[in-house]
Amino acid sequence: MLADALGTAGRAATGRTGALPVLSGVRLVLDGNQLSVTGTDLDLTIQLTVEVGGEADGGVVLPARLASDIVRSLPAGKVELEVSDDNVHVSGGRSQFTVRPLSIDDYPKLAAPTTSATTLPAAEFGEALRQVVRAASTDDARPILTGVLFSAEEDGLRMVATDSYRLAVRDLPGQQALANAQRVLVPGRALGELARLVGGGADLVMRLGDRDASFEVGSTRLTTRLIDGEFPNYRQLIPADHPNLLTVERDALLDAIRRVKILARESTPVRLAMGGETLRISAITQDVGNASEELDAEFRGTDLVVAFNPDYLIAGVEACTGEHVTLATRDGMKPAVLRGQDAADYLYLLMPVRVPGS
Amino acid sequence: MRLVIARCSVDYVGRLTAHLPEAVRLIMVKADGCVAVHADGGAYKPLNWMNAPNTVTYGDQTWVVTNPKGETITITLHEVLSDSDHHLGEDPGLRKDGVEAHLQELLAASPQAIEDGMVLVRREYPTAIGPIDLLCRDADGRAVAVEVKRRGEIDGVEQLSRYLDRLRLDSSLGEVRGVFVAQQVKPQAKLLAESRGFRVVQVDYDELRGVRPDELRLF
């Protein structure tokens, strides 16, 4: 339990401490039998409370990675932490560790969020996060694209992310989490961490402020700074209609792409040849070899070949729900739309890769 | 530089002994005395080599290379296929940031990529503390100092500030403003640049080069 708490909070602690080395640590504060564990890099904060057997109240900051490694390595059972003047003694079973703590006085004071709360169903929200965050950019050179847009729509909440190669849009109908026409940009990194925290059952409490957002799941609270800026006008990117529509079994498609991808090396795309009742997936890497596989499929439209980055394609198919997925295309150069069949609440728009003849 | 392609065998005696059996190889004898024996593959290490200072004794069929430590490489030439000598002259050294220089060159050729209506006055415009990358005039005729970086970091913004302080001493230029151009700009550098009134422009190197990437983008 302590190992999980240290690991979770430690993911918000930073390795790049700059002027504040204490940020490489996790803060442990004992109050009665409640141990609060906090990690922060000032952009993202994760705080958990765990039930422990407390003997004396107090606080300490331990190097995050070291503390997590130590506690994780101990045999299952009780772990004791004892703080003396200059050291923290960690013991479990017959193992003893002594660690020099970081200065708790330097640890930033983190205010609890005060904005009003909205409750969301954790399972549905968690699934939406997993579907959308994957399309957010991780390139800090374009900070706006590292965020996920939360926007209020007429019939609920919409989440949108794009890295300029793909775009994921998920609607959560009936969820009025934002004020009318409100739009906020939440860092994808924070939402990726949140997706790991969200389990199946409990509700999730969201608080959106002007500069920060916080999410509470059980006894864990994640707080993140919001991204300031204008999200691209994504609506104009979604084509109104497509002349070609492929329907194929989702799991069979995923397995086939993964197999063919073995021969899609050095940024080689996979090619999807659509026509008749067959989908042919292939990859050719010069001087290495080639792979191809055929799948049964339903296809309506004009026969065509479209090539995609295999990782982006796999990410899109994985994110779709249902037994079958549909891939709507116009030609080899225009964005394609992936959806789960009969799942109107999610779409994954993906740009093809130019290949000879496309 | 002497380049010999020969069917040869090589024996090294020193810290250990090594033998290269007879095969066709390239033997390089550089102007500084370094000797290297290459096979037809790999770009990094020769099969056998000896750094200068050393002494090469050329026999009819055998070359012996000896260094001050007493290590020797004996090259036995069974058949010489090619033997040529070239004077390479002084090497200018490795230019580590070719991209940055090329970026400056491309922007000098297309200053409108920085801003509509921008025209180039001079590339490498001299100041007392060194040349500013580009001096341009904007659509309103105002002088614009442009600092070009591959990665836009705080140092680059400071550099542009120093150049502007110098340029503003030159009354013939009139009012001068600054533009910080980079392929990627760090958020801290952007904040600092904008707080000093500079415009920050991110440019796409491939687009400037006219390279059409295979990966199409949504926007």
- [ ] Answer with side chain, backbone, both or neither: which region of A:N233 has an atom nearer than 4.5 Å to a non-hydrogen atom of chain B?
- [x] neither

Task: side chain to side chain contact (heavy atoms under 4.5 Å, CB included) against A:D241, all qualifying residues, sequence neighbours excluded - done: A:R330

TODO: Let me know if B:Q183 has heavy atoms under 4.5 Å from chain A in its side chain, its backbone, both or neither.
DONE: neither

TODO: May I ask you to check whether over 12 heavy atoms, not counting those of A:D303, lie within 6.0 Å of atom CG?
DONE: yes

TODO: Calculate, to the nearest 0.5 Å, the distance between atoms CG and CG belonging to B:L216 and A:N309 respectively.
DONE: 12.0 Å

TODO: Kindly indicate whether the side chain of B:F219, heavy atoms from C-beta on, has any atom under 4.5 Å from the side chain of A:L167.
DONE: no

Open item on the list: Can you tell me which of B:Q184, B:R151, B:K190 forms the most heavy-atom pairs within a distance under 4.5 Å of chain A?
Closed with: B:Q184

Open item on the list: Under 4.5 Å from any heavy atom of chain B, what part of A:I238 do you find: side chain, backbone, both or neither?
Closed with: neither

TODO: Grab the two heavy atoms, one from B:R217 and one from A:R142, that are nearest each other, plus how far apart they are.
DONE: NH1-NH1, 3.1 Å

TODO: Taking atom CG of B:D32 as the centre, report whether more than 12 heavy atoms of other residues, nucleotides or ligands fall under 6.0 Å from it.
DONE: yes

Open item on the list: With a 4.5 angstrom heavy-atom cut-off, is it the side chain or the backbone of A:R166 that approaches chain B, or both, or neither?
Closed with: backbone

Task: Interchain contact, A:P232 with chain B, by part (heavy-atom threshold 4.5 Å) - done: side chain

- [ ] Please say whether more than 12 non-hydrogen atoms of neighbouring residues, nucleotides or ligands are located less than 6.0 Å from CG in A:D311.
- [x] yes

Open item on the list: Looking at every non-hydrogen atom in both residues, tell me the closest pair between B:L218 and A:L237 and how far apart they are.
Closed with: O-CD2, 3.3 Å

TODO: Name all pairs fulfilling the salt bridge (charged side-chain N to carboxylate O under 4.0 Å, His left out) condition that reach into residues 74-84 of chain B, sequence neighbours left out, sorted by first residue then second.
DONE: B:R2-B:D83, B:R7-B:E79

